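Here is the structure we will look at.
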Amino acid sequence: MDISAKHNADRMAYLNEDLYRQTLWHHVPLTDFWMLGNGTERRLHKLGIYDMYDLCQFPIEILYKEFGVNAEYIIDHAWGKEPTTIQDIKNYKSK
């Protein structure tokens with residue numbers, strides 16, 4: 001959402017999975033996406049992944065081998081999915 005909202009006068013954006021795929025699958029640099037820093041981007045580039053579309057086409061097993069449990073977040077982002085719900089956020093209690 002942040003990537004899209006920055007380009008709107010009211011700083012608001014709407015995305016669903018289809019709009020995400022249409023507008024952001026080929027967005028670069030990958031570091032514009034949440035949780036994808038320079039190091040992760042370099043590692044993805046070594047695998048031949050340069051945008052979210054490339055990531056969606058890549059074998060999941062290799063991503064898990066390379067990134068461990070963080071692969072799940074990267075894969076979800078590539079497909080435009082956010083597994084955390086508002087209810088999850090409301091139920092969260094810090095330690």
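Below, all heavy atoms of this structure are taken into account, side chains as well, without hydrogens, waters or symmetry copies. Index from 1, following the sequence. None of the values given here were measured: they were computed from a predicted structure.
Side-chain N or O atoms of Asp54 include one that pairs as donor or acceptor with a backbone N or O of Tyr50 at under 3.5 Å. Trp25 places a side-chain N or O within donor-acceptor distance of the main-chain N or O of Ala78, the cut-off being under 3.5 Å.
Linking ILVMFWY residues whenever their side-chain heavy atoms come closer than 4.5 Å, directly or via other members, places Tyr14 and Phe33 in the same cluster.
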Would you be so kind as to tabulate the donor-acceptor pairs closer than 3.5 Å made by side chains of residues 68-76, with sequence neighbours excluded?
none

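To the nearest 0.5 Å, atom CG of residue Leu15 and atom CD of residue Glu82 are 12.5 Å apart. Atom CZ of Phe67 is separated from atom CZ of Arg43 by 4.5 Å, given to the nearest 0.5 angstrom. Here CG of Leu36 is found 8.0 Å from CD of Glu41. Values are rounded to the nearest 0.5 Å. In this structure, the separation between CG on Leu30 and CE on Met52 is 5.5 Å, given to the nearest 0.5 Å.
Evaluation of the ring pair (Phe, Tyr, Trp, His ring centres under 6.0 Å) rule for Phe58 yields no partner, not counting sequence neighbours.
Leu63 places a side-chain heavy atom less than 4.5 Å from the side chain of Ile49.
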Point to revise | Worked check of salt bridge (Lys or Arg N to Asp or Glu O under 4.0 Å) between Glu17 and Arg21 | key: CA-CA 6 Å; Glu17 289 178 30; Arg21 291 175 188 148; 3.5 Å; yes
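Other residues, nucleotides and ligands contribute over 12 non-hydrogen atoms within 6.0 Å of the CD1 atom of Ile89.
The hydrophobic cluster around Tyr92 extends to none of the other residues, as no ILVMFWY side-chain heavy atom falls under 4.5 Å of it.
Side-chain atoms of Gln87 and Thr85 form no donor-acceptor pair, as typed in the model, at a separation below 3.5 Å. For the residue pair His27 and Asp32, a side-chain donor N or O sits within less than 3.5 Å of a side-chain acceptor on the partner.
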